[in-house]
Amino acid sequence: MKILYFDCFSGISGDMTVGAMLDLGLPFKYLEESLRKLNVSGYQLEQTVTERHKISATKFDVFVTDDKGHRHLKDIVEMINSSDLPDRVKEISCSAFRRLAQAEAKIHNSTPDKVHFHEVGGIDAIVDIVGSAIGVEYFKPDAIYCSTITLGQGTTKSSHGVIPIPSPATVEILKNVPTKFAKTEGERVTPTGAAIITTLVEYYNGSFDNPEITFEKSGFGAGTRMYDDCPNLLRIILGHTNKNYAVSDQIDILETNIDDMNPQIYDYLFSQIYDAGAYEVFLKPVIMKKNRPGNLLTVLCKNDLSDKICDIIFNETSTAGIRFRSELRRTLERREKVVNSDFGSIRVKILKLKDGFKIQPEYDDCLKVAAKHKIPLKEIIETVRRQAEIEEGKTDEH
């Protein structure tokens with residue numbers, strides 16, 4: 001399994017990310033040609049070799065010659081989606097800008113669509129974010145990991161005046177991400193850098209079992225400022241690991257006890273929570289105070305969805321409080337394919353094990369076939385599983 005490992009020992013910014021990608025082997029000409037697909041002009045790109053504390057690195061700069069300035073989220077998303085860039089680049093880029101918009105909206109008590117981007121809406125920020133996505137598409141990693149992220153301290157000037165470091169937007173974006181503070185002053189992590197790393201990375205030091213990585217090569221991207229305590233660099237390492245199963249990640253578990261609600265509401269509540277992106281939602285019968293029967297509602301979700309799902313639970317149920325905690329979980333690497341079975345095309349999940357794989361036919365597809373042909377559902381599931389195993393036996397490297 002191919003891995004990109006972001007070593008943020010001195011922080012991260014957009015230009016440092018692209019610089020590290022270039023140093024790692026992303027061709028500068030390929031980057032330029034890909035960025036032209038955005039149909040944005042008024043800038044020039046430059047790649048230079050520099051040093052930080054005697055370590056050679058690539059400095060990436062965007063020189064803006066003409067920029068209309070501030071943009072809204074919809075302007076940037078339309079610009080990206082109307083381009084000829086690959087779908088993965090569009091998805092990563094738009095997701096990063098949405099994270100920025102959500103953070104700005106939270107800070108300014110607004111909504112993502114109404115947020116007026118300032119520094120992060122300029123051409124240089126667009127180039128940095130889309131350029132980072134182009135780098136990921138070029139290297140095509142199977143997984144992206146990250147170290148604990150080093151933050152700076154002090155104050156800095158912005159379009160809103162003097163603000164603390166890390167900036168409010170950076171703190172909002174990095175919620176639930178392992179961080180630590182540097183001893184010296186200076187902005188180590190920009191909002192753009194925070195948006196890029198949280199969009200790309202699911203597994204951080206402190207929230208996953210460190211992978212066993214065989215290094216292939218590394219690249220250093222240089223920041224502008226100089227620090228005495230360490231080189232202002234971002235290191236990206238390209239490598240691979242044979243540990244392609246039982247991946248660990250961190251999730252939030254939300255729980256609340258409910259004993260005074262119309263049970264008809266649960267069906268709608270579940271659909272709302274699943275639509276919000278939850279992994280699992282379930283009920284457990286419990287006996288509550290005054291010996292009243294009730295239900296324990298439990299939701300498993302990504303860390304950054306907790307606030308949204310809590311809002312749904314508060315709005316749709318009678319509860320007045322929700323408990324939450326973060327826990328590690330292990331999941332199998334998976335992929336989906338379509339099996340041309342005796343009953344037609346049916347989707348299956350291929351789950352990788354250490355010494356093989358296991359297959360789970362898609363329940364909804366099997367259910368439709370069973371109802372159509374009047375065949376027992378368990379027979380459909382077992383037949384499809386056997387046929388998928390035969391196909392995988394011929395093609396899977398295991």
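It should be emphasised that the depicted structure is a prediction, and the values quoted were computed from it without experimental measurement.
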For this session: Run the numbers on Phe97 and Ile92 for side chain to side chain contact (heavy atoms under 4.5 Å, CB included), then give the verdict.
Result: CA-CA 9 Å; Phe97 275 109; Ile92 292 172; over 6 Å; no
I want to check something: taking the side chain as every heavy atom from C-beta on, are [X] and [Y] in contact at a cut-off of under 4.5 Å?
{"X": "Ile123", "Y": "Val40", "result": "yes"}
{"X": "Met21", "Y": "Val136", "result": "yes"}
{"X": "Cys94", "Y": "Arg98", "result": "yes"}
{"X": "Phe220", "Y": "Leu234", "result": "no"}
{"X": "Lys284", "Y": "Thr298", "result": "no"}
{"X": "Ile253", "Y": "Val299", "result": "no"}
{"X": "Ser10", "Y": "Leu233", "result": "no"}
{"X": "Glu362", "Y": "Lys349", "result": "yes"}

Problem set entry | Audit row: Thr319, Thr256, side-chain hydrogen bond (donor to acceptor under 3.5 Å, both in side chains) steps and yes/no | CA-CA 7 Å; Thr319 190; Thr256 185; 2.5 Å; yes
Taking atom [atom1] of [X] and atom [atom2] of [Y], what is their separation to the nearest 0.5 Å?
{"X": "Lys378", "Y": "Glu382", "atom1": "NZ", "atom2": "CD", "answer": "9.5 Å"}
{"X": "Lys90", "Y": "Glu137", "atom1": "NZ", "atom2": "CD", "answer": "12.0 Å"}
{"X": "Phe9", "Y": "Asn232", "atom1": "CZ", "atom2": "CG", "answer": "8.5 Å"}
{"X": "Leu151", "Y": "Leu174", "atom1": "CG", "atom2": "CG", "answer": "6.0 Å"}
{"X": "Ser93", "Y": "Asp128", "atom1": "OG", "atom2": "CG", "answer": "11.0 Å"}
{"X": "Lys2", "Y": "Asp142", "atom1": "NZ", "atom2": "CG", "answer": "7.5 Å"}

Check this for me, if you would: do [X] and [Y] make a salt bridge, where the nitrogen-to-carboxylate-oxygen distance has to be below 4.0 angstrom?
{"X": "Lys175", "Y": "Asp307", "value": "yes"}
{"X": "Glu389", "Y": "Lys358", "value": "no"}
{"X": "Asp260", "Y": "Arg292", "value": "no"}
{"X": "Lys183", "Y": "Asp229", "value": "no"}
{"X": "Asp259", "Y": "Lys289", "value": "no"}
{"X": "Glu255", "Y": "Arg323", "value": "yes"}
{"X": "Glu327", "Y": "Arg325", "value": "yes"}

[atom1]/[X]: more than 12 non-hydrogen atoms of other groups inside 6.0 Å:
{"X": "Tyr363", "atom1": "OH", "result": "no"}
{"X": "Lys37", "atom1": "NZ", "result": "yes"}
{"X": "Gln44", "atom1": "CD", "result": "no"}
{"X": "Asp364", "atom1": "CG", "result": "yes"}
{"X": "Gln264", "atom1": "CD", "result": "no"}
{"X": "Asp228", "atom1": "CG", "result": "no"}

For this session: Check the pair Val281 / Leu297 against side chain to side chain contact (heavy atoms under 4.5 Å, CB included), numbers first and verdict last.
Result: CA-CA 7 Å; Val281 189; Leu297 172 68; 3.8 Å; yes
For this session: Please work out which of the three classes, parallel, tilted or perpendicular, describes the rings of Phe343 and His373, given edges at 30° and 60°.
Result: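 It falls in the tilted class, 30° to 60°.
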Linked, directly or transitively: [X] and [Y] (ILVMFWY side chains, under 4.5 Å):
{"X": "Phe324", "Y": "Ile309", "result": "yes"}
{"X": "Phe282", "Y": "Val286", "result": "no"}
{"X": "Met79", "Y": "Leu31", "result": "yes"}
{"X": "Val171", "Y": "Ile197", "result": "no"}
{"X": "Val369", "Y": "Leu367", "result": "no"}

Okay, side chain of [X], backbone of [Y]: is any donor-acceptor separation there less than 3.5 Å?
{"X": "Thr170", "Y": "Pro166", "result": "no"}
{"X": "Asp15", "Y": "Asp61", "result": "no"}
{"X": "Asn315", "Y": "Ile312", "result": "no"}
{"X": "Ser95", "Y": "Glu91", "result": "no"}
{"X": "Ser147", "Y": "Cys8", "result": "yes"}
{"X": "Arg52", "Y": "Ala57", "result": "no"}
{"X": "Lys352", "Y": "Leu332", "result": "no"}
{"X": "Asp124", "Y": "Val62", "result": "no"}

For [X] versus [Y], what's the shortest heavy-atom pair and its separation?
{"X": "Ile165", "Y": "Gly186", "value": "CG2-O, 3.6 Å"}
{"X": "Asp342", "Y": "Gln387", "value": "OD1-NE2, 2.9 Å"}
{"X": "Arg347", "Y": "Val338", "value": "CG-CG2, 4.1 Å"}
{"X": "Val201", "Y": "Cys146", "value": "CG1-CB, 3.6 Å"}

For this session: Mind running side chain to side chain contact (heavy atoms under 4.5 Å, CB included) on Leu377 and Cys366 for me, showing each step along the way?
Result: CA-CA 7 Å; Leu377 179 59; Cys366 293; 3.8 Å; yes
Exercise. Centre of Tyr227's six-membered ring, under 6.0 Å away, within 45 degrees of the axis: is that where NZ or CZ of Arg188 sits?
Worked result: yes
Problem set entry | With sequence neighbours excluded, residues passing salt bridge (Lys or Arg N to Asp or Glu O under 4.0 Å) with Asp7 |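 For Asp7, the residues satisfying salt bridge (Lys or Arg N to Asp or Glu O under 4.0 Å) (neighbours in sequence not counted) are Arg235.
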Problem set entry | Step-by-step side chain to side chain contact (heavy atoms under 4.5 Å, CB included) determination, Leu238 to Leu4 | CA-CA 5 Å; Leu238 178 66; Leu4 280 181; 3.7 Å; yes
For this session: State whether a side-chain donor-acceptor pair under 3.5 Å links Asp252 with Ser306.
Result: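 Their side chains do contain a donor-acceptor pair, which is all the 3.5 Å distance test asks for.
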Exercise. Regarding Thr383 and Arg385, is there a side-chain donor-to-acceptor distance under 3.5 Å anywhere?
Worked result: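 Thr383 vs Arg385: no donor-acceptor pair found between side chains.
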Exercise. For Arg329 and Thr331, what are the C-alpha separation, side-chain angles and deciding distance, and is it a side-chain hydrogen bond (donor to acceptor under 3.5 Å, both in side chains)?
Worked result: CA-CA 7 Å; Arg329 68 166 185 166; Thr331 60; 5.0 Å; no
Exercise. Thr58 pairs by side-chain hydrogen bond (donor to acceptor under 3.5 Å, both in side chains) with which of Asp23, Thr48, Thr50?
Worked result: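 Result for side-chain hydrogen bond (donor to acceptor under 3.5 Å, both in side chains) with Thr58: Asp23.
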Problem set entry | Close aromatic pair by centroid cut-off 6.0 Å: Phe6 and Tyr145 |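 That pair fails the under 6.0 Å test.
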